[in-house]
Amino acid sequence: MTTQHQPVDTGGGTTLLTEPSAQDSRPGGTVVAGRSPARMAWRRIRRDKVTTAALAATLVFISIALLAPVLTALTGWGPITPDNKAINPDTGNFPYGSLGGFSAQHLLGVEPGTGYDLFARIVYGLRTSLYVGFASAVLSTAVGVVAGLAAGYFGGWVDSLLSRIMDVMLAFPQLLFIIALTPVIQNALQTDSHGGTDENLRLFVLVLNISVFAWAYTARLVRGQVLSLREREFVDAARLMSAGRRHILFRQLLPNLWAPILISFALAVPQNITTEAALSYLGVGVIPPNPDWGALLSDASQFFLQDPMYLVVPGVLLLVLVLALNLLGDGVRDALDPRARRG
C-alpha cells in the first residue's frame with residue numbers, strides 16, 4: 001500500500017507527516033507506519049528511564065491524593081481526629097514509643113500535643129498541595145496563553161501595553177507580595193461561623209495570588225513564538241481566505257504552540273507546590289488544624305531536637321514529589337523539542 005503524506009506546519013517548518021492508517025511496504029518486507037508528533041513524543045518519554053520513573057512517581061502521588069478518604073478510612077483515623085491515648089503526658093505530650101510513635105495503628109506516628117494521625121494528615125496535605133499546584137498552573141497558563149497570543153498577533157499598542165504589564169509582573173518579588181496580600185484578601189472576604197476564613201476560600205485565594213504573579217512567564221514565552229509564527233505562509237493563506245482573527249488565533253496559531261505551553265505548565269506545577277508549602281510554613285497559607293505539608297514542616301521544626309522524624313517524613317515526601325514533577329517537566333520538554341535527537 002502506498003503511504004499518503006500531507007504537509008503540516010509544526011511551527012518549526014513544514015513537516016511531512018504520514019496518515020495514521022497508512023503503511024509503506026519497503027524492500028525486505030519491512031512495513032513503516034507514520035507517527036504523529038504526539039506519538040513520537042510519547043515514544044521518547046517511554047524510552048527515557050528517568051522520565052518514566054518520574055511519571056510513575058507522579059501518578060502514585062496523584063492516586064494517593066485521590067484515594068485519601070479511602071486510605072484514612074482503612075486506618076480508622078482522620079486528619080483532625082485526635083488519639084489522646086497515644087500521647088504520653090509524662091514526656092511533654094509526646095507519643096508513646098520511638099520514631100514519632102510509629103505503630104500498626106498509626107503508620108507514621110502521631111503529632112505531639114494534638115494526637116493527630118500523621119499518615120492521615122500527610123495524605124490529605126498531599127491533596128492540598130496538588131490542588132493548589134495544578135489549579136494555579138492551569139489558571140496562570142490560560143491567562144498567559146491568551147495574553148501572549150494577543151500581544152504577539154496584534155502588535156502595536158496592544159503588544160506595547162501587554163509587554164509593559166508583563167515586565168511589571170516579572171519585576172515583582174512574588175513570594176513577598178503573596179505573603180503580604182494573602183492575609184489582607186482573606187480577612188476582607190466572608191468568614192465562617194467560627195469567625196475564621198473558610199478553608200476552601202483560603203485555597204482559592206492562594207491559587208488566585210499565585211496565578212496573578214505567574215502568568216507573565218507563559219505570556220512572554222507565547223508572545224515570542226507568535227511573533228515568529230504570524231509571518232508564516234499558513235497564516236497568510238488563512239488571511240487570503242478571509243479567515244477571522246479568532247480562527248487564525250485559535251485554529252492556526254494555537255495548535256502550533258502546544259509544545260511550549262505544555263512545557264511551561266509542567267514546570268510551573270512543582271514551582272507552585274513549593275510556593276504553597278512555603279506560604280503555609282510561614283503561616284499565611286493553610287492554617288492548622290487543616291492538613292498541609294508546609295504547616296507540618298512548620299510544626300515539626302518545634303520538635304526536631306526531640307524527634308527528627310516529624311521533620312524527615314514530610315520533608316522527604318515533599319522533596320520526592322517536587323523532584324518527580326521537575327524531572328517529568330524536563331522529560332516532556334526534551335520529548336516535545338523538535339530539535340531533540342530521535343531515539
Side-chain angles (χ1 to χ4, degrees), residues 3-22 33-45 134-170 207-208 211-212 214-269 329 332-340:
T3 306
Q4 297 179 0
H5 299 281
Q6 55 181 349
V8 176
D9 195 301
T10 62
T14 301
T15 304
L16 202 61
L17 299 180
T18 310
E19 293 183 356
S21 60
R35 291 189 295 267
S36 66
R39 288 186 177 181
M40 290 188 289
W42 175 240
R43 182 166 174 260
R44 293 181 186 132
I45 290 176
F134 277 95
S136 55
V138 169
L139 182 57
S140 62
T141 300
V143 174
V145 167
V146 173
L149 279 172
Y153 179 75
F154 293 107
W157 68 269
V158 175
D159 184 25
S160 298
L161 176 62
L162 291 175
S163 295
R164 298 295 78 77
I165 295 177
M166 295 177 204
D167 293 337
V168 172
M169 299 307 299
L170 292 173
V207 170
L208 185 62
S211 302
V212 164
W215 66 270
Y217 296 96
T218 303
R220 178 71 73 184
L221 177 64
V222 171
R223 172 186 175 274
Q225 295 290 322
V226 173
L227 286 175
S228 174
L229 291 174
R230 71 179 185 180
E231 305 300 331
R232 301 294 296 272
E233 292 81 0
F234 68 96
V235 177
D236 292 335
R239 292 195 187 100
L240 291 174
M241 297 177 65
S242 302
R245 291 176 176 176
R246 179 181 300 179
H247 175 87
I248 294 176
L249 287 171
F250 296 103
R251 299 296 297 275
Q252 299 295 329
L253 293 175
L254 187 58
N256 289 282
L257 297 170
W258 283 120
I261 291 172
L262 288 175
I263 293 170
S264 177
F265 175 82
L267 296 177
V269 173
V332 171
R333 178 190 58 197
D334 295 339
L336 293 177
D337 187 354
R339 295 168 296 181

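Numbers for residues simply follow the sequence, beginning at 1. The model shown is predicted, which means the values in this text are computed figures rather than measured ones.
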Closest non-hydrogen atom pair between [X] and [Y], with its separation:
X	Y	value
G152	L227	O-CD2, 3.5 Å
M166	A219	CE-CB, 3.7 Å
A335	I45	CB-CG1, 3.6 Å

Just jot down the side-chain contact (heavy atoms from CB on, under 4.5 Å) partners of [X], sequence neighbours excluded, or say none.
X	answer
A135	Y131, V207
A137	F265, A268, V269, N272
T218	T141, V145, V222, S264

Write out all pairs satisfying side chain to side chain donor-acceptor pair (under 3.5 Å) with one or both partners inside residues 243-254, taking only residues at least two apart or from two chains.
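Listed once each, the pairs are H247-Q252.
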I need the full list of side chain to side chain donor-acceptor pair (under 3.5 Å) pairs touching residues 161-170, with sequence neighbours left out, sorted by first then second residue.
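Sorted pair list: D159-S163, S163-R223, R164-D167, D167-R220.
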What is the distance from atom [atom1] of [X] to atom [atom2] of [Y], rounded to the nearest 0.5 Å?
X	Y	atom1	atom2	result
I263	L267	CD1	CG	7.5 Å
L253	R232	CG	CZ	11.0 Å
L208	L139	CG	CG	7.0 Å

Please confirm whether the backbone N or O of S136 pairs with a side-chain atom of S211, one donor and one acceptor, at under 3.5 Å?
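Confirmed, S211 side chain pairs with S136 backbone.
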Side-chain donor or acceptor of R44 paired with backbone N/O of D334 under 3.5 Å
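Such a contact is absent between R44 side chain and D334 backbone.
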If we only count heavy atoms from C-beta on, is the [X] to [Y] side-chain gap below 4.5 Å?
X	Y	value
L249	F154	yes
N256	F234	yes
V212	M169	yes
R239	I248	yes

Can you name the salt bridge (Lys or Arg N to Asp or Glu O under 4.0 Å) partners of R333, sequence neighbours left out?
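In terms of salt bridge (Lys or Arg N to Asp or Glu O under 4.0 Å), with neighbours along the sequence ignored, R333 is linked to D330.
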